[in-house]
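First comes the structure, then the notes that go with it.
Note that this is a predicted model, so its numbers are computed, not measured.
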Amino acid sequence: MSTSAHSPADAIRTGGTVTDRLVEANERYASRFTDPGMDARPVLRVAVVACMDARLDLHAALGLELGDCHTIRNAGGVVTDDVIRSLTISQRALGTRSVMLVHHTTCGLESLTEDFRHELEDEVGQRPAWAVEAFRDVDQDVRQSMQRVRTSPFLLHSDDVRGFVFDVKTGLLREIDPAAE
């Protein structure tokens, strides 16, 4: 069940694609846009790594404004090599010091396995170079992600790394103890 105010059918009825609708929305946005005069350094010196799930409105949930943080999103919010790359640039070139990890309840990665890669290989004739990073226990996956950040030799600041699970039904964050099992 979708709760979005928009549907792909709206774009089709108006004779365009969803992307066409988004480009039109950007034109309206740009007509009212004023340069905020900020640079790429986040004001709060924090990078937030989160799942790409459309139910997570991170800025609203965390009380963030434009320019407050760097936001890095992927399937599951897991800390991959590419996330470490982005965090390294965020810290070393753009001054962030804190890392907040946000996973969530009922994540789609909880229902996948690495078999997904094998199925793709069978379908297209080439195995993806990336891992699915599926998991069964969201708390344990947050702990693993915190550990990956804390032990990366590329990151300057690993003393303020905290992990959370966002409840998609209540909107509340639950902090994960990195030492608990």
Side-chain angles (χ1 to χ4, degrees), residues 1-6 40-92 94-120 128-181:
M1 178 176 100
S2 175
T3 58
S4 175
H6 307 288
R41 295 175 181 274
V43 173
L44 299 179
R45 298 175 68 178
V46 63
V48 179
V49 178
C51 185
M52 66 186 191
D53 193 296
R55 297 172 291 180
L56 276 66
D57 183 349
L58 287 174
H59 277 73
L62 301 176
L64 296 167
E65 299 293 330
L66 181 67
D68 282 349
C69 72
H70 284 159
T71 306
I72 304 161
R73 294 181 80 154
N74 67 20
V78 296
V79 176
T80 61
D81 287 345
D82 194 58
V83 168
I84 293 294
R85 177 187 71 87
S86 294
L87 288 172
T88 301
I89 292 166
S90 178
Q91 286 189 357
R92 290 179 176 265
L94 298 165
T96 60
R97 298 189 57 86
S98 300
V99 177
M100 182 177 191
L101 305 171
V102 182
H103 286 38
H104 65 92
T105 57
T106 65
C107 183
L109 283 188
E110 291 175 296
S111 63
L112 289 176
T113 67
E114 289 299 318
D115 287 341
F116 184 76
R117 290 176 68 219
H118 302 295
E119 294 164 5
L120 282 172
W130 39 264
V132 175
E133 297 277 354
F135 54 86
R136 296 281 178 248
D137 181 337
V138 68
D139 291 17
Q140 184 55 36
D141 200 64
V142 171
R143 284 186 200 94
Q144 176 177 299
S145 290
M146 285 190 283
Q147 184 66 14
R148 286 179 178 174
V149 172
R150 287 189 174 123
T151 59
S152 173
F154 305 110
L155 299 176
L156 294 171
H157 308 288
S158 60
D159 54 320
D160 188 13
V161 177
R162 294 171 62 189
F164 300 84
V165 174
F166 177 85
D167 187 314
V168 298
K169 300 284 188 211
T170 67
L172 289 172
L173 288 175
R174 178 174 51 83
E175 188 158 9
I176 301 302
D177 180 349
E181 288 296 325

For this session: List for me each residue that meets side chain to side chain contact (heavy atoms under 4.5 Å, CB included) alongside Leu112, sequence neighbours excluded, and say none if there are none.
Result: Leu109, Phe116, Val132, Ala134

In Å and rounded to the nearest 0.5 Å, what is the [atom1] to [atom2] distance from [X] to [Y]?
{"X": "Met146", "Y": "Asp141", "atom1": "CE", "atom2": "CG", "value": "10.0 Å"}
{"X": "Cys107", "Y": "Leu56", "atom1": "SG", "atom2": "CG", "value": "9.0 Å"}
{"X": "Leu64", "Y": "Leu58", "atom1": "CG", "atom2": "CG", "value": "8.0 Å"}
{"X": "Leu62", "Y": "Asp57", "atom1": "CG", "atom2": "CG", "value": "9.0 Å"}
{"X": "Leu156", "Y": "Arg92", "atom1": "CG", "atom2": "CZ", "value": "4.0 Å"}
{"X": "Gln91", "Y": "Leu155", "atom1": "CD", "atom2": "CG", "value": "4.5 Å"}

For this session: Could you walk me through whether Arg143 and Leu101 pass side chain to side chain contact (heavy atoms under 4.5 Å, CB included), step by step?
Result: CA-CA 10 Å; Arg143 284 186 200 94; Leu101 305 171; over 6 Å; no

For this session: Taking salt bridge (Lys or Arg N to Asp or Glu O under 4.0 Å) as the test, write out the residues that go with Glu175, two or more places apart.
Result: Arg162

Summary of side chain to side chain donor-acceptor pair (under 3.5 Å) pairs that have at least one residue in [range], sequence neighbours excluded:
{"range": "residues 147-156", "value": "Glu133-Arg148"}
{"range": "residues 58-74", "value": "His70-Ser90"}
{"range": "residues 77-89", "value": "Asp82-Arg85"}

Taking side chain as C-beta onward, heavy atoms only, is [X] less than 4.5 Å from [Y]?
{"X": "Val46", "Y": "Cys69", "result": "yes"}
{"X": "Pro42", "Y": "Thr96", "result": "yes"}
{"X": "Met100", "Y": "Phe164", "result": "yes"}
{"X": "Val78", "Y": "His103", "result": "yes"}

Contacts under 3.5 angstrom, residues 165-172 side chains, donor-acceptor by atom type, not counting sequence neighbours:
unit_1	atom_1	unit_2	atom_2	d
Asp167	OD1	Lys169	N	2.7
Asp167	OD1	Thr170	N	3.2
Thr170	OG1	Leu172	N	3.2

Holding to side-chain hydrogen bond (donor to acceptor under 3.5 Å, both in side chains), I want the full list of residues that pass it with [X], two or more places apart in sequence or in another chain.
{"X": "Arg117", "value": "none"}
{"X": "Arg174", "value": "Asp139"}
{"X": "Arg97", "value": "His157"}
{"X": "Thr106", "value": "Arg55"}

